[in-house]
Amino acid sequence: MLLVQLLASGIQTGLIYALTAAGFALIFGATRVFHVAHGATFALAGYAFLETADAGLAWPLACVASLVVAVGFGLAMDALVYRPILRHEGSFFTVFVAAFGMVVVVQSLLELAFGRSFVAYSSPLTRATAVLPGLYLAPVFWVAILVTILLLVLTGLFLGRTRAGVALRALSENPELLRAYGLSARRLSALAFALGSALAVPGAVLIAATSGLQPSIGPHVMLISLAASIVGGIGSLRGAVAAGLLLGVTESLVVAVLDTQWSEAAGFVLLFGFILFRPSGLLGQPVPR
Amino acid sequence: MTAYLLNLATLAAIFGILAVSLNVLVGYAGIFSTAHAVFFGLGAYAGAQVALLVTPDVALASLAATALAGAASLCLALPALRVRGEYFVAASLGLQMLATTVFTQAQSLTGGIGGLVGIPPPTLLGLDVSSPWAFFAVCLAALGACLIGIRLLMRGSFGRSLMALRDSESAARAFGKDVARLKTLAVAVGCALAGLAGALFAFQEAFVNVESFTLEQSILLLAMVIIGGVGTLAGPLVGAVLLLLLPAGLSFLPFIPPTDIGAVQQLIYGLAMTLLMIFRPAGLAGRPVGQR
């Protein structure tokens with residue numbers, strides 16, 4: 001039964017990783033920007049939810065506040081950091097360092113504002129009850145599954161069926177052609193950042209309501225999104241989702257064999273293995289060398 | 001006051017070696033490693049163990065540290081040969097996270113969270129170099145040797161091949177350069193020197209634990225190289241001195257509570273990294289490099 005319990009908690013974490021990594025993959029797929037500051041978006045969204053909920057706002061409204069902060073930060077990164085650098089034909093290196101710098105900035109700001117310790121939002125959703133003898137699940141488990149599936153289906157429909165969605169997918173392939181069709185690459189890129197950042201919100205809220213937040217969640221989520229998008233195949237939405245789940249479940253199951261200390265490390269062993277032996281990931285294109 | 005300044009100067013020399021060694025990877029070979037603190041840590045643990053178990057001789061401890069870090073650099077060279085750009089960054093991040101866990105868990109080798117304590121005062125070939133001035137001189141000499149060594153190496157055919165490789169791998173390959181050998185060598189040199197810095201650090205602090213070898217340290221080292229200017233000899237040194245002086249300088253500002261100094265310091269160097277990339281991507285002392 002311990003294994004099933006671990007598997008369940010692995011799935012719950014995995015779904016949060018999957019959604020977050022999907023946001024990262026959506027942004028990368030459309031704009032070719034390796035948006036490592038996605039981790040900072042996640043942290044800011046989580047704290048926005050916690051702080052507004054603590055201040056007495058009803059939780060749906062707190063979710064809206066979190067959404068506003070996440071989308072705002074994503075758009076600001078695009079407009080104020082990435083665009084200026086890419087206009088000067090900055091390299092991958094330049095973009096990466098700039099985004100990395102912002103992850104550090106956001107983490108230290110959160111530390112200054114809210115301290116370094118864990119904070120969590122307690123709600124009846126997180127109270128675990130025995131589903132079977134020895135298997136405890138909280139309502140949040142089902143919420144995580146429902147929300148993730150719903151959002152992934154909606155994102156898939158948007159990308160596949162709407163004009164803006166198709167244009168978004170075409171953006172990285174041929175921006176010139178889009179311009180010929182009267183679509184603004186600038187606006188489409190903003191759309192990608194807004195959507196991708198919005199996908200960080202449910203995960204941030206769920207983490208805030210379950211294991212709690214700490215300023216270092218930013219770099220942590222940055223690492224997870226990075227790992228998931230590489231294991232899944234860079235820029236592939238479906239791959240990112242599969243890899244997010246795989247990472248969450250691996251991290252959780254390792255606890256059955258080794259100390260909890262090793263759970264995060266196990267995810268990175270997986271990542272390292274993929275980079276050495278299958279750099280194109282689960283569902284990705286072959287890697288340019 | 002003198003003791004304080006001398007400690008700071010010695011640390012500046014040690015972090016100077018680290019920044020300069022990371023620059024061999026980032027600036028000359030175009031290998032963007034976020035795992036440099038791992039090799040610093042391996043060197044520190046190796047140096048500390050030699051001093052604790054065998055002899056407090058700096059030369060011997062440094063040799064062991066350099067050899068271990070150099071050998072372990074294969075962990076970084078392997079992914080560097082297979083992938084680049086985003087993929088390599090992710091691989092080195094993975095290596096860093098893995099190493100942090102191993103450092104914390106391998107109780108018998110690293111002392112776990114508590115670390116290794118009571119590292120004996122250093123000697124050098126029978127001479128006592130445990131006084132702050134003497135040890136500062138040792139570290140300064142090591143830094144000088146690293147600078148001269150790297151300058152000679154980079155001026156020579158190895159350095160020119162490396163930079164050709166950084167600027168265009170396919171062109172370098174077309175000219176018959178052995179890309180795999182060049183990259184592996186560059187990684188080995190950079191990581192081995194980080195190991196040397198680790199051994200010196202262990203003697204200077206007389207205590208090592210995992211706190212000094214985490215992702216934060218790797219980011220700080222990268223920030224030193226980037227803020228100073230990649231691909232130059234002086235840039236990383238400028239960056240190392242600036243970022244080491246930062247917390248000391250901040251502690252003189254009365255309106256920052258001492259508990260917040262760490263966060264304010266991070267805030268400043270994070271901001272510096274982002275703003276430099278937007279307005280002056282070559283760093284304070286640098287010229288543009290790092291193109292894919």
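In the text below, chain A, chain B and the rest are named by the order of the sequence lines, each starting its count at 1.
Atom CD of A:Gln214 and atom CD of A:Gln107 lie 9.0 Å apart (nearest 0.5 Å).
Using a 3.5 Å distance cut-off with no hydrogens or angles, the side chains of B:Gln96 and B:Thr100 do pair a donor with an acceptor. Under 3.5 Å, the side chains of A:Ser189 and A:Thr31 contain no donor-acceptor pair of N or O atoms.
The ring of A:Phe24 has its center no closer than 6.0 angstrom to the ring center of A:Phe28. Close placement of the B:Phe40 and B:Phe213 rings is indicated, their centers lying within 6.0 Å of each other. Between A:Tyr82 and A:His35, the distance from one ring center to the other falls under 6.0 angstrom.
A:Leu80 touches chain B through its backbone: at least one of N, CA, C or O sits under 4.5 Å from a heavy atom, while the side chain does not. Residue contact with chain B, scored on non-hydrogen atoms closer than 4.5 Å, involves the side chain of A:Ile85 exclusively. For B:Tyr269, the part lying near chain A is the side chain, with the backbone staying farther off; criterion is any non-hydrogen pair under 4.5 Å. Using a 4.5 Å cut-off between heavy atoms, B:Leu95 touches chain A through backbone and side chain atoms alike. Using a 4.5 Å cut-off between heavy atoms, B:Val89 contacts chain A through its side chain alone, with no backbone atom that close. If you measure heavy-atom distances from B:Ile226 to chain A, the contacts under 4.5 Å come from the side chain alone.
If you tally non-hydrogen atom pairs under 4.5 Å between each of B:Met97, B:Gln105, B:Met273 and chain A, the highest count goes to B:Gln105. The candidate with the highest count of non-hydrogen atom pairs below 4.5 Å against chain A, out of B:Pro79, B:Pro257, B:Gly270, B:Ala272, is B:Gly270. Contacts with chain B were tallied for A:Leu271, A:Leu109, A:Val104, A:Leu270; A:Val104 has the most, counting heavy-atom pairs under 4.5 Å.
Across all their heavy atoms, B:Leu42 and B:Ala72 have their closest contact at CD1-CB, 3.5 Å.
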